[in-house]
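Structure, as structure tokens:
Chain identifiers are assigned alphabetically (A, B, ...) following the order of the sequence lines, protein sequences preceding nucleic acid strands; residue numbering begins at 1 within each chain. The model shown is predicted, which means the values in this text are computed figures rather than measured ones.
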Number of protein chains: 2
Amino acid sequence: MLDRLKKKIIEVKDFPKPGIGFKDITPLVEDAESFKFIVDQISDLAKKKGAKRIVSIESRGFIFGGPVAYKLDLGMSIIRKKGKLPRECVCVKAPNEYAVEYFEIHKDSVRPGEKVIIIDDLIATGSSSISAVDLIKKIGGDVVGFAALIELSFLKGKETILAAHPDIEVMTLIRF
Amino acid sequence: MLDRLKKKIIEVKDFPKPGIGFKDITPLVEDAESFKFIVDQISDLAKKKGAKRIVSIESRGFIFGGPVAYKLDLGMSIIRKKGKLPRECVCVKAPNEYAVEYFEIHKDSVRPGEKVIIIDDLIATGSSSISAVDLIKKIGGDVVGFAALIELSFLKGKETILAAHPDIEVMTLIRF
């Protein structure tokens, strides 16, 4: 199944910038069977780790975080790019392959000590994933796992996340 | 239940611009019971209308579209803001209360004649909702419904959508 999933991802060269090979996941999300498989796999991790809350990262993380939360009868808290959340937030710098962005979350989005799984679409260098973990810790959450559909393994992002946060289980489904 | 849901929405004055009363839905998504109720209600509409595909609009539409697609064993196609999708797209102007934006979708995201439900978080003036319907029709989809969590009824968006597309069922859960 994972091989089938990987074949559905379309690599688009030089998008959004020259030199970047963009992984287009829309064919996976558009295919009911693939989408279900991905959501079920991430849900299994969240369940195994005893997560009491899903946190997803704008905007492609929302696509997978929502159904995982729904399936497990959990609430979902959202990390957004700076300036989009209207109330009191905590903010962290979140560098990615293209640019330096900032992640924000409402201060009251996680209960103290709550076990949380963070969901995003892709792990590249791991820097923005680490920023997301830091952000949730800052508002009092206990991050027990990080799940992403894709890992660009040549960038060693998973290793970088684990070096910064050895106590977190990092799961990716498809590796390039 | 709808009264309980409405009370959880936090209105933030003058965000993102002076004069706008922003409806913060994060407390609803963070609450498992509320989130489940919303997803189930939208799913009922999609089922009733015989939808074979979910289309959701970036980025808050993704939050509800994903679990509806998952629940009904459907695929989800995504409408994004201009410049974010990497392959051949169709583009429409999508004016909202704040600005004129552009919506895009990959040309191959819907099958010819496929029955589609579009999901977003909020209907304000209805202009961007109409743009989304136009976009899906342009790539060959048969839009049978439009669902949003919130309706700003003083802006008469629902009426505006129905005037443009009388054949579509428009559902909103919470009215201000």
Separation of [Y] [atom2] from [X] [atom1] (nearest 0.5 Å):
X: N96(B); Y: T125(B); atom1: CG; atom2: OG1; value: 7.5 Å
X: K6(A); Y: L2(A); atom1: NZ; atom2: CG; value: 10.0 Å
X: T26(B); Y: D108(A); atom1: OG1; atom2: CG; value: 7.0 Å
X: D142(A); Y: K115(A); atom1: CG; atom2: NZ; value: 6.5 Å
X: R111(A); Y: K52(A); atom1: CZ; atom2: NZ; value: 11.5 Å

Q: With sequence neighbours left out, write down each residue that passes side chain to side chain contact (heavy atoms under 4.5 Å, CB included) with A32(A), or none if nothing qualifies.
A: none
Q) Do any of residues 64-76 of chain B have a heavy atom less than 4.5 Å from a heavy atom of chain A, and if so, which, in residue order? A) G66(B), P67(B), A69(B), Y70(B), K71(B), D73(B), L74(B), G75(B), M76(B)
Q | Toward chain A: residues of residues 77-95 of chain B with heavy atoms under 4.5 Å | A | S77(B), I78(B), R80(B), G83(B), K84(B), L85(B), P86(B), R87(B)
Q. Does any pair with a residue in residues 4-60 of chain B pass ring pair (Phe, Tyr, Trp, His ring centres under 6.0 Å), and if so which ones, sequence neighbours excluded?
A. F15(B)-F22(B)
Q.
Need one label for E58(B): side chain, backbone, both or neither, based on atoms under 4.5 Å from any heavy atom in chain A.
A. side chain
Q. Quick one: does R4(B)'s side chain get under 4.5 Å of M1(B)'s, heavy atoms only?
A. yes
Q) Is L45(B) close to Q41(B) at the side-chain level, that is, under 4.5 Å between some pair of heavy atoms? A) no
Q: Heavy-atom pairs under 4.5 Å with chain A are the metric here; pick the option from V39(B), L28(B), V110(B) that has the most.
A: V39(B)
(Q) Name the residue from D120(A), I42(A), I38(A), T172(A) that meets the side-chain contact (heavy atoms from CB on, under 4.5 Å) definition with L149(A). (A) I38(A)
Q. Do L152(B) and I119(B) share a hydrophobic cluster (ILVMFWY, side-chain heavy atoms under 4.5 Å, transitive)?
A. yes
(Q) Shorter than 4.5 Å, heavy atoms on both sides: which option in S109(A), G61(A), S56(A), S34(A) has the most such pairs with chain B? (A) S109(A)
Q.
Which atoms of V12(A) are under 4.5 Å from chain B, going by heavy atoms: the side chain, the backbone, both sets, or neither?
A. side chain
